[in-house]
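Remarks on the structure that follows.
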Amino acid sequence: MLFAESEIPQSPTDVLMLPLIILFFGAVVYAAAYAKGMQVRKLPMFRFIGVALIVIAIFLGFQSFWQLQDALYKASIGKRVLYAHYLGFFFPLLCAIAVGVMEFLFRRRGNQWE
């Protein structure tokens, strides 16, 4: 669990800090790899470091999202913190989908370069 039983987050920052920091670094690493790949027309292998960081952010966001299954926990947090739980899971998931689309478009574009 991300939070102990007695530790209930009081602000959205408590929930979002770790997943979004890891997501930021993963997105920066992947964007750098993608930019390098656009120059040399082949995606470098270090893009998987960015993908791994994005997957870790999804896992951390899912842990806090899963805590919403407990009705007592859900009733004890505010509305903004509730939305932070959703955002902490769905934003990294959306970024992972964007990475998949970028990979698809890069591979599709590869045939047009030759």
Side-chain angles (χ1 to χ4, degrees):
M1 294 201 106
L2 196 56
F3 301 108
E5 292 292 328
S6 63
E7 185 181 333
I8 295 176
Q10 300 299 318
S11 72
T13 308
D14 296 340
V15 177
L16 291 175
M17 176 91 52
L18 190 59
L20 290 187
I21 287 174
I22 293 174
L23 176 67
F24 173 75
F25 285 116
V28 166
V29 169
Y30 186 81
Y34 193 81
K36 178 75 172 172
M38 292 297 283
Q39 292 174 352
V40 297
R41 298 184 179 165
K42 182 179 180 203
L43 288 175
M45 294 302 290
F46 74 90
R47 75 183 188 273
F48 292 116
I49 295 172
V51 172
L53 289 173
I54 292 171
V55 169
I56 291 170
I58 290 172
F59 178 72
L60 291 174
F62 180 75
Q63 281 184 331
S64 65
F65 179 72
W66 187 256
Q67 289 180 333
L68 295 178
Q69 299 299 318
D70 183 13
L72 182 62
Y73 177 82
K74 191 174 183 178
S76 65
I77 59 175
K79 192 177 247 185
R80 291 178 59 153
V81 177
L82 175 70
Y83 293 147
H85 280 78
Y86 288 116
L87 185 66
F89 174 60
F90 288 115
F91 192 62
L93 192 62
L94 181 67
C95 288
I97 292 170
V99 165
V101 168
M102 289 171 67
E103 288 276 335
F104 172 75
L105 292 177
F106 187 86
R107 293 176 194 278
R108 188 169 181 212
R109 178 183 252 186
N111 296 336
Q112 296 173 357
W113 281 337
E114 297 169 332

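As a basis for the values below, the full set of heavy atoms in this structure was taken, side chains included, without hydrogen atoms, waters or symmetry mates. Residues take their numbers from the sequence shown, with the count starting at 1.
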So [Y] and [X], do their side chains get closer than 4.5 Å, heavy atoms only?
| X | Y | result |
| --- | --- | --- |
| Ser11 | Asp14 | yes |
| Leu68 | Tyr86 | yes |
| Tyr73 | Pro9 | yes |
| Arg47 | Val99 | no |

Give, for atom [atom1] of [X] and atom [atom2] of [Y], the distance between the pair rounded to the nearest 0.5 Å.
| X | Y | atom1 | atom2 | value |
| --- | --- | --- | --- | --- |
| Phe91 | Leu23 | CZ | CG | 6.0 Å |
| Leu43 | Met38 | CG | CE | 9.0 Å |
| Lys74 | Gln69 | NZ | CD | 8.0 Å |
| Ile54 | Ile97 | CD1 | CD1 | 11.5 Å |
| Ile77 | Leu82 | CD1 | CG | 5.0 Å |
| Cys95 | Ile58 | SG | CD1 | 8.5 Å |

**OP:** Just jot down the side-chain hydrogen bond (donor to acceptor under 3.5 Å, both in side chains) partners of Gln10, sequence neighbours excluded, or say none.
**Re:** none
Answer yes if [X] and [Y] sit in the same cluster of Ile, Leu, Val, Met, Phe, Trp and Tyr residues linked by side chain heavy atoms under 4.5 Å apart, and no otherwise.
| X | Y | answer |
| --- | --- | --- |
| Tyr30 | Leu94 | no |
| Leu60 | Met17 | yes |
| Phe59 | Leu18 | no |

**OP:** Hey, can you tell me if Phe89 and Phe65 have their rings parallel, tilted or perpendicular (30° and 60° cut-offs)?
**Re:** parallel
Subject >> Closest heavy-atom pair and its distance - Pro19, Gly61 >> reply: CG-N, 4.2 Å
**OP:** Verify the neighbour count for atom CZ of Phe24: are there more than 12 heavy atoms of other residues, nucleotides or ligands below 6.0 Å?
**Re:**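 Result for CZ/Phe24: open.
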**OP:** Report, as yes or no, whether the 6.0 Å neighbourhood of atom OH on Tyr34 holds more than 12 heavy atoms from other residues, nucleotides or ligands.
**Re:**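 Result for OH/Tyr34: enclosed.
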Subject >> Co-members of Met45 in a cluster of I, L, V, M, F, W and Y side chains, linked at under 4.5 Å >> reply: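 Phe48, which link up through side-chain heavy atoms under 4.5 Å apart, make up the rest of the cluster.
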